[in-house]
2 protein chains.
Amino acid sequence: MNHTHTSDIDFERSPCAVANMLDLLGDKWSLLIVRDLILGKSRYGEFADSREGIPTNILANRLKRLEMAGVIKKSAYSAKPVRYQYELTEKGRDLQPVLEAMADWALKHVPGAEVFSRYR
Amino acid sequence: MNHTHTSDIDFERSPCAVANMLDLLGDKWSLLIVRDLILGKSRYGEFADSREGIPTNILANRLKRLEMAGVIKKSAYSAKPVRYQYELTEKGRDLQPVLEAMADWALKHVPGAEVFSRYR
DNA sequence: TATGTCACTTTAAAAATGCAAGCGTCTATA
DNA sequence: TATAGACGCTTGCATTTTTAAAGTGACATA
């Protein structure tokens, strides 16, 4: 051991709030899954069907990561073949302002970009 | 050519605003450079010195990408060895609400996370 | 001439991503 | 009863991205 006290908190890169948010969610797919959940999707197949076409291995990996991080939780919706549906936790729901800020930015600066609304 | 009309806009993945924002900025480093610029940094060495320790080839690559996308612009601050400083454009400054939303989220949900403020 | 600074670039290895196919359980159809 | 399909993944492998480390070129300073 070579630290001087035990109150150190282990950050992947730094204590910066933005950096820590990115350590968990800073990739091209995680927030799209959160978006889909906000839009009302809940099942694996629904995420896989989204227009961006997430590879299924990445989808499975991200669902695991988000669940371990407490952003989503899963529950069985079928017993005989055990199948799960996913939903946002409060931690996950609290990402909505981030998605909204990102959408606002893109609406202003990416020509042609559209906001995917809840019902479509 | 096999498209039927010329008004198609080419999106990397979909017209979704969030997806398009992520296509440009959805990685672990780009928004940290934007953060540093908001915090008042402007030079290559300053970005490289940030606590997260961005690899220099990634830094150079991201600066190019952000410049090509119009998020930052560079200008020479020295002539004899030509050296550049970087600053945010309006498009880049408009990312501040995104960073703030991300920081708010992390402050609430990542224990120990701190907001890096402008003067430190 | 020698050393150092700054802003990168290069190289090679490691890790992440993407594509396609496969798998196990079950339901529905012929 | 055999066949096919839906669903939710997992696996294998090629490609791309990221990483750490070292190197480069222009110049300032001693």
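Note on naming: letters A, B, ... go to the chains in the order of the sequence lines (proteins, then strands), and numbering restarts at 1 for each one.
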Peer 1: Check whether any side-chain N or O of A:K64 sits under 4.0 Å from OP1 or OP2 of D:dT10, and answer yes or no.
Peer 2: yes
Peer 1: Extract, from 5' to 3' on DNA chain C, the first and final nucleotides lying under 4.0 angstrom from some heavy atom of chain A.
Peer 2: C:dT17 to C:dC26
Peer 1: Locate the shortest heavy-atom distance separating B:S14 from A:F116; write the atom from each residue and the value.
Peer 2: OG-CZ, 4.1 Å
Peer 1: Within 45° of the axis and under 6.0 Å from the centre of the six-membered ring of A:Y84, does NZ or CZ of A:K74 qualify?
Peer 2: yes
Peer 1: Look at the side-chain N and O atoms of A:Y86 and state whether any lies under 4.0 Å from the OP1 or OP2 oxygen of D:dG8.
Peer 2: no
Peer 1: Test salt bridge (charged side-chain N to carboxylate O under 4.0 Å, His left out) on B:E52 and B:R35; report intermediate values, then the result.
Peer 2: CA-CA 12 Å; B:E52 291 82 14; B:R35 173 204 66 185; 2.9 Å; yes
Peer 1: Give the minimum heavy-atom separation between A:E67 and A:K73, together with the two atoms involved.
Peer 2: CG-CA, 4.3 Å
Peer 1: Would you mind reading off the distance between A:Y84 atom OH and D:dT10 atom C1', rounded to a whole angstrom?
Peer 2: 16 Å
Peer 1: Out of B:L88, B:T89, B:V71, which residue meets the side-chain contact (heavy atoms from CB on, under 4.5 Å) rule with B:L66?
Peer 2: B:V71
Peer 1: What are the two closest non-hydrogen atoms of A:D27 and A:S30, and how far apart are they?
Peer 2: OD1-OG, 2.5 Å
Peer 1: Hey, does B:F47 reach any base, or is it just sugar-phosphate, or nothing, if we go heavy atoms under 4.0 Å?
Peer 2: nothing
Peer 1: Would A:R93 pass as a cation-pi partner of B:W105, given that its NZ or CZ must be under 6.0 Å from the six-membered ring centre and within 45 degrees of the axis?
Peer 2: no
Peer 1: Using a 6.0 Å distance limit plus a 45 degree cone around the ring axis, check whether A:R13 lies over the aromatic ring of B:W29.
Peer 2: yes
Peer 1: Mind listing the N/O atom pairs, protein and nucleotides 18-22 of chain D, below 3.5 Å?
Peer 2:
from, atom 1, to, atom 2, distance (Å)
D:dT18, OP1, B:R62, NH2, 2.9
D:dT18, OP2, B:R62, NH2, 3.2
D:dT19, OP2, B:W29, NE1, 2.7
D:dT19, O4, B:N57, ND2, 3.1
D:dA20, N6, B:N57, ND2, 2.7

